[in-house]
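Accompanying notes for the structure given below.
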Amino acid sequence: MKIVITGGTGMVGSAFKRLDLDAEYPTRTEFHNNLYDVREKNIIHLAAKVGGVKANTDEIGEFYRTNSIINQKLLHHAHCSDAKKVVSLLSTCVYPDKPYVTYPLTEDQLHLGPPHQSNFGYAYAKRMVDVMSRAYRQQYGCNFITAIPNNLYGENDNFDLENSHVIPAIIRKVWEAKINEKPCVECWGDGSPLREFTYSEDIARILLFLLENYDDPEPINIGNTQEFSIKEVVKMVCSILEYDGDILWNTEMPSGQYRKPSSNQKLLDLGWKKEWYTSLEKGLTKTCKWVIINYPNLRGIP
């Protein structure tokens, strides 16, 4: 199977490289100038401008514009160059916020209302990947599909405390507290919100699975649906990194949405097994070991 992967320097792109996959990874210049050959090849589209809640809020217009350009460029190039198939990775944030949805989130609820106000620029840009994929499928017969993960983590994540997601932020805070012998770590909120987390290598394997097993126009949820509280995640990270200081919960800072569970039943019906997901403890252990080896030369650390 001939495969081209965009966004190869990101977290999920790096996961593909660790799988020792025989694939092509176009450079940023090749991508922006359509200088790579996709004729009769399968494309896994990961390239995106991403960030945490703060970045999505502060640069909401830039997140919309940049991601819209990236996605339209890729899908149109794939169509014009006769790519065999495109699998585009979306984000759970594409789903509407309450009260437009019911839990668990299912694929048929994607367009029932607006996404959360904090990142609607990025969310709408990602939603349009689904719209454009279905539009090109209907007009041109393109085999374009979309997959929706939940909260991702793993090696080569972004560890910038201003722009990172929850797991890399926790890992960095705890590790720096340990090596600097700080007696405590401060975390936002009260630690009670529940989240689903999926290890990046699992996402890579699932996207390969979808290349061979899914050709429907509707998006498909692909994340591990087991929920953990933020407090449980912090406890696991402290244990893995052998940090025994105190955790201070700053309840003056927002805790975030309490929970937003998703359903991966469509994926399981295709033949994917729950036991094929990496457990959170195992995935965190691998990620923390990678951080220890590569610190301080991590993305997001000046």
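Keep in mind it's a predicted model, so treat the numbers as computed, not measured.
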Partner of Val237 under side chain to side chain contact (heavy atoms under 4.5 Å, CB included), chosen from Val291, Thr287, Val174
Val174
Using 30° and 60° as the class limits, which term best fits the ring planes of Tyr277 and Trp272: parallel, tilted or perpendicular?
perpendicular
In Å, rounded to the nearest 0.5 Å, how long is the span from OG of Ser68 to NZ of Lys49?
13.0 Å
Correct closest heavy-atom pair for Ile301 and Pro296 would be CG2-O, 3.5 Å
CA sep, side-chain torsions, deciding dist, call: Tyr36, His77, ring pair (Phe, Tyr, Trp, His ring centres under 6.0 Å):
CA-CA 10 Å; Tyr36 56 103; His77 177 57; 5.0 Å; yes
Taking all non-hydrogen atoms of both residues, which atom of Val38 and which atom of Ala78 are closest, and how far apart?
CG2-CA, 4.3 Å
Where does the angle between the aromatic ring planes of His45 and Phe31 fall among parallel (under 30°), tilted (30 to 60°) and perpendicular (over 60°)?
parallel
Between Arg65 and Glu62, does a salt bridge (charged side-chain N to carboxylate O under 4.0 Å, His left out) hold up when you go through it step by step?
CA-CA 5 Å; Arg65 184 185 72 86; Glu62 179 63 21; 3.3 Å; yes
In Å and rounded to the nearest 0.5 Å, what is the NZ to OH distance from Lys182 to Tyr243?
9.0 Å
So which atom in Val94 and which in Ala123 form the shortest heavy-atom distance, rounded to 0.1 Å?
CG1-O, 3.8 Å
If you compare all heavy atoms of Lys173 against all heavy atoms of Glu186, which two are closest, and at what distance to 0.1 Å?
NZ-O, 3.2 Å
Start with the C-alpha distance between Ile240 and Lys289, add both sets of side-chain angles, then the distance that settles side chain to side chain contact (heavy atoms under 4.5 Å, CB included), and finish with yes or no.
CA-CA 9 Å; Ile240 294 166; Lys289 286 182 177 179; 5.9 Å; no
How about Tyr25 and Lys17: does a side-chain donor come under 3.5 Å of a side-chain acceptor?
no
Under the side chain to side chain contact (heavy atoms under 4.5 Å, CB included) rule, what do Met11 and Leu152 come out as? Steps first, then yes or no, please.
CA-CA 9 Å; Met11 177 175 58; Leu152 305 184; 3.6 Å; yes
Any donor-acceptor pair under 3.5 Å from Arg299 side chain to Asn156 backbone:
yes
In short, Phe63 meets Val50 closest at the heavy-atom pair CE2-C, 3.5 Å
Output for pair (Asp269 CG, Asn264 CG), nearest 0.5 Å, gives 9.5 Å
Report the C-alpha distance between Asp37 and Glu24 in whole Å, list the side-chain angles of each, state the deciding distance to 0.1 Å, and finish with yes or no for side chain to side chain contact (heavy atoms under 4.5 Å, CB included).
CA-CA 10 Å; Asp37 177 23; Glu24 300 170 20; 5.7 Å; no
Any side-chain to backbone donor/acceptor pair from Asn56 onto Gly51? Under 3.5 Å, distance only.
yes
Between Lys266 (side chain only) and Pro219 (backbone N and O only), is there a donor and an acceptor less than 3.5 Å apart?
yes
Result of checking Thr198, Thr92, Thr225 against Asn150 for side-chain hydrogen bond (donor to acceptor under 3.5 Å, both in side chains)
Thr198
Distance-only, no hydrogens or angles: does the Asn151 side chain make a donor-acceptor pair with backbone N or O of Glu196 under 3.5 Å?
yes
Test side chain to side chain contact (heavy atoms under 4.5 Å, CB included), reference Ile206, set Asn224, Ile222, Ile220, output is Ile222
Polar side-chain atom of Ser263 near backbone of Leu105 as donor-acceptor pair, under 3.5 Å
no
Nearest-0.5 Å distance that lies between atom CG in Asp216 and atom CZ in Arg134:
12.5 Å
Within the side chain of Ser133, is there an N or O that forms a donor-acceptor pair under 3.5 Å with the backbone of Val129?
yes
Verdict with supporting geometry, Val131 and His111, side chain to side chain contact (heavy atoms under 4.5 Å, CB included):
CA-CA 10 Å; Val131 173; His111 297 287; 3.9 Å; yes
Return yes if some donor-acceptor pair links the side-chain N/O of Lys126 with the main-chain N/O of Cys93 below 3.5 Å, else return no.
no
Donor-acceptor contact below 3.5 Å, side chain Asn33 vs main chain Leu35
no
Distance check, rounded to the nearest 0.5 Å: Phe144 atom CZ versus His79 atom NE2?
7.5 Å
Excluding sequence neighbours, so at least two apart, what forms side chain to side chain contact (heavy atoms under 4.5 Å, CB included) with Lys274?
Leu268
For the NZ atom on Lys2, are there more than 12 heavy atoms of other groups (residues, nucleotides or ligands in this structure) within a distance under 6.0 Å?
no
Over all heavy atoms of both residues, which pair between Thr278 and Gly283 is shortest? Give the atoms and the distance, please.
CG2-N, 3.6 Å
Tell me, yes or no, whether the heavy-atom count around Glu281 atom CD, taken from other residues, nucleotides or ligands under 6.0 Å, exceeds 12.
no
With distance as the sole criterion, is a donor-acceptor pair present between the side chains of Glu155 and Tyr199 under 3.5 Å?
yes
How far does CG of Leu298 sit from OG of Ser164, to the nearest 0.5 angstrom?
11.0 Å
